[in-house]
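One-based numbering, in listed order, for ligands and for the atoms of each. Side chains included, hydrogens not; waters and symmetry mates left out as well; all remaining heavy atoms used.
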Amino acid sequence: MARVLVGVKRVIDYAVKIRVKPDKSGVVTDGVKHSMNPFDEIAVEEAVRMKEKKIASEIIAVSCGPAQSQETLRTALAMGVDRGIHVEIAAGDLNTIQPIHISKILAKLAADEKADIVIVGKQAIDDDSNQTAQMTAAYLDCPQGTFASKVEVNGKELTVTREIDGGLETVKVQLPAVLSADLRLNEPRYATLPNIMKAKKKPIKKVTPKDLGVDVSPRIEIVSVEDPPVRQAGAIIPDVDTLYILKW
Ligand code: AMP
């Protein structure tokens with residue numbers, strides 16, 4: 001049976017209206033609702049289904065972030081993950097941490113935990129990078145099935161249907177492999193109250209990037225974070241002919 005490692009990122013909730021800090025150094029996070037990155041819920045769901053189908057023996061969720069990332073891990077545990085690893089990122093590094101750092105951390109933990117399958121979301125909705133799966137596979141020197149909308153496990157081989165521009169691509173990859181979950185892979189479950197209670201007793205181990213030998217010192221300097229330009233007001237015109245005149 002496979003051991004599965006899942007990446008779960010704590011992000012500002014998708015429904016929150018993002019506000020930029022007046023000094024343009026970033027976005028306001030204090031007092032703002034945070035949740036698990038939506039694609040990571042799909043990644044967790046896929047891992048839990050693998051366990052239910054007796055394909056996976058153990059699921060380990062990893063979250064790299066501030067102390068509150070443990071809440072994100074608890075959500076994963078309540079969905080059916082067995083244990084969590086919180087990689088605590090110091091406050092000073094939170095704004096400049098990038099997928100390259102996260103990939104090194106995930107690759108190291110996947111190796112330490114002897115994971116056969118690593119599942120992450122296709123994209124974090126805060127940085128929109130879409131890099132972590134690809135770079136984690138590179139660090140592990142293993143195949144990747146990104147933008148997965150269907151995953152079938154046959155022994156040591158995965159058949160992955162990928163959502164690509166204009167269609168679907170089906171690939172076969174040998175384990176160990178890295179997957180990234182796309183929107184249509186599954187519909188994540190809601191944690192039930194009994195499972196939320198049970199999750200409180202599941203273990204979360206805390207480590208630092210240093211413990212894992214990963215240097216998370218900044219590679220970028222954030223120069224400015226700004227709101228998108230405000231959309232200009234539209235105009236009501238009497239008919240289509242007028243639109244044609246205005247356009248030409
Ligand atoms: P990104 O490459 O930043 O768009 O993130 C893609 C995926 O990598 C996310 O959906 C997560 O599954 C995983 N990931 C990114 N950042 C973190 C983090 N800080 N902790 C755990 N997993 C992460």
Side-chain angles (χ1 to χ4, degrees), residues 4-14 26-27 29 34-48 59-77 79 81 83-110 112-113 115 117-140 144-149 151 162-163 177-186 188 204-209 211-212 214-216 218-220 222:
V4 184
L5 192 87
V6 190
V8 294
K9 186 176 188 184
R10 175 181 181 266
V11 296
I12 294 183
D13 189 87
Y14 72 94
V27 300
T29 53
H34 285 69
S35 307
M36 186 188 298
N37 183 49
F39 291 108
D40 304 357
E41 292 182 359
I42 300 172
V44 170
E45 176 67 35
E46 197 62 18
V48 173
I59 312 167
I60 307 150
V62 179
S63 192
C64 315
Q68 299 94 314
S69 297
Q70 295 214 4
E71 294 160 20
T72 310
L73 285 170
R74 286 283 164 220
T75 306
L77 296 172
M79 287 173 74
V81 165
R83 59 189 169 93
I85 301 176
H86 173 214
V87 183
E88 186 157 45
I89 308 297
D93 292 325
L94 278 174
N95 285 334
T96 50
I97 193 128
Q98 288 187 280
I100 192 158
H101 305 119
I102 304 298
S103 308
K104 285 182 186 172
I105 291 171
L106 291 181
K108 174 74 169 74
L109 288 171
D112 288 354
E113 298 288 348
I117 306 175
V118 176
I119 317 180
V120 295
K122 80 157 173 184
Q123 193 167 341
I125 62 164
D126 52 0
D127 64 21
D128 272 351
S129 294
N130 174 8
Q131 296 171 3
T132 305
Q134 296 85 339
M135 287 200 279
T136 305
Y139 281 121
L140 288 169
Q144 55 186 276
T146 49
F147 315 124
S149 63
V151 178
R162 308 182 56 235
E163 301 222 352
V178 177
L179 300 175
S180 80
D182 212 324
L183 196 62
R184 278 165 280 271
L185 182 59
N186 59 49
I204 294 181
K205 186 167 105 184
K206 195 164 107 177
V207 295
T208 64
D211 296 335
L212 303 171
V214 176
D215 177 12
V216 292
R219 292 172 165 233
I220 53 165
I222 295 174

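His101 approaches Asp215 most closely through the heavy-atom pair CD2-O, 3.5 Å. Listed here is the closest heavy atom pair of Met79 and Pro188: CE-CB, 4.1 Å.
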message = salt bridge (charged side-chain N to carboxylate O under 4.0 Å, His left out), that's the test. Do Glu113 and Lys108 meet it? Break it down for me.
response = CA-CA 9 Å; Glu113 298 288 348; Lys108 174 74 169 74; over 6 Å; no
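With respect to the salt-bridge test (charged N to carboxylate O, under 4.0 angstrom), the residues Lys9 and Asp126 qualify.
Ligand 1 is surrounded by Gly7, Val8, Lys9, Asn37, Asp40, Val62, Ser63, Cys64, Pro99, Ile102, Val120, Gly121, Gln123, Ala124, Asp127, Ser129, Asn130, Gln131, Thr132, each with at least one heavy atom closer than 4.0 Å.
With no hydrogens or angles considered, no side-chain donor-acceptor pair links Arg10 and Ser63 at under 3.5 Å.
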If you look only at distance, which donor and acceptor atoms sit under 3.5 Å apart when one is on a side chain in residues 131-139 and the other is two or more places apart or in another chain?
unit_1, atom_1, unit_2, atom_2, d
Gln134, NE2, Asn130, O, 3.4
Gln134, NE2, Asn130, OD1, 2.9
Thr136, OG1, Thr132, O, 2.6

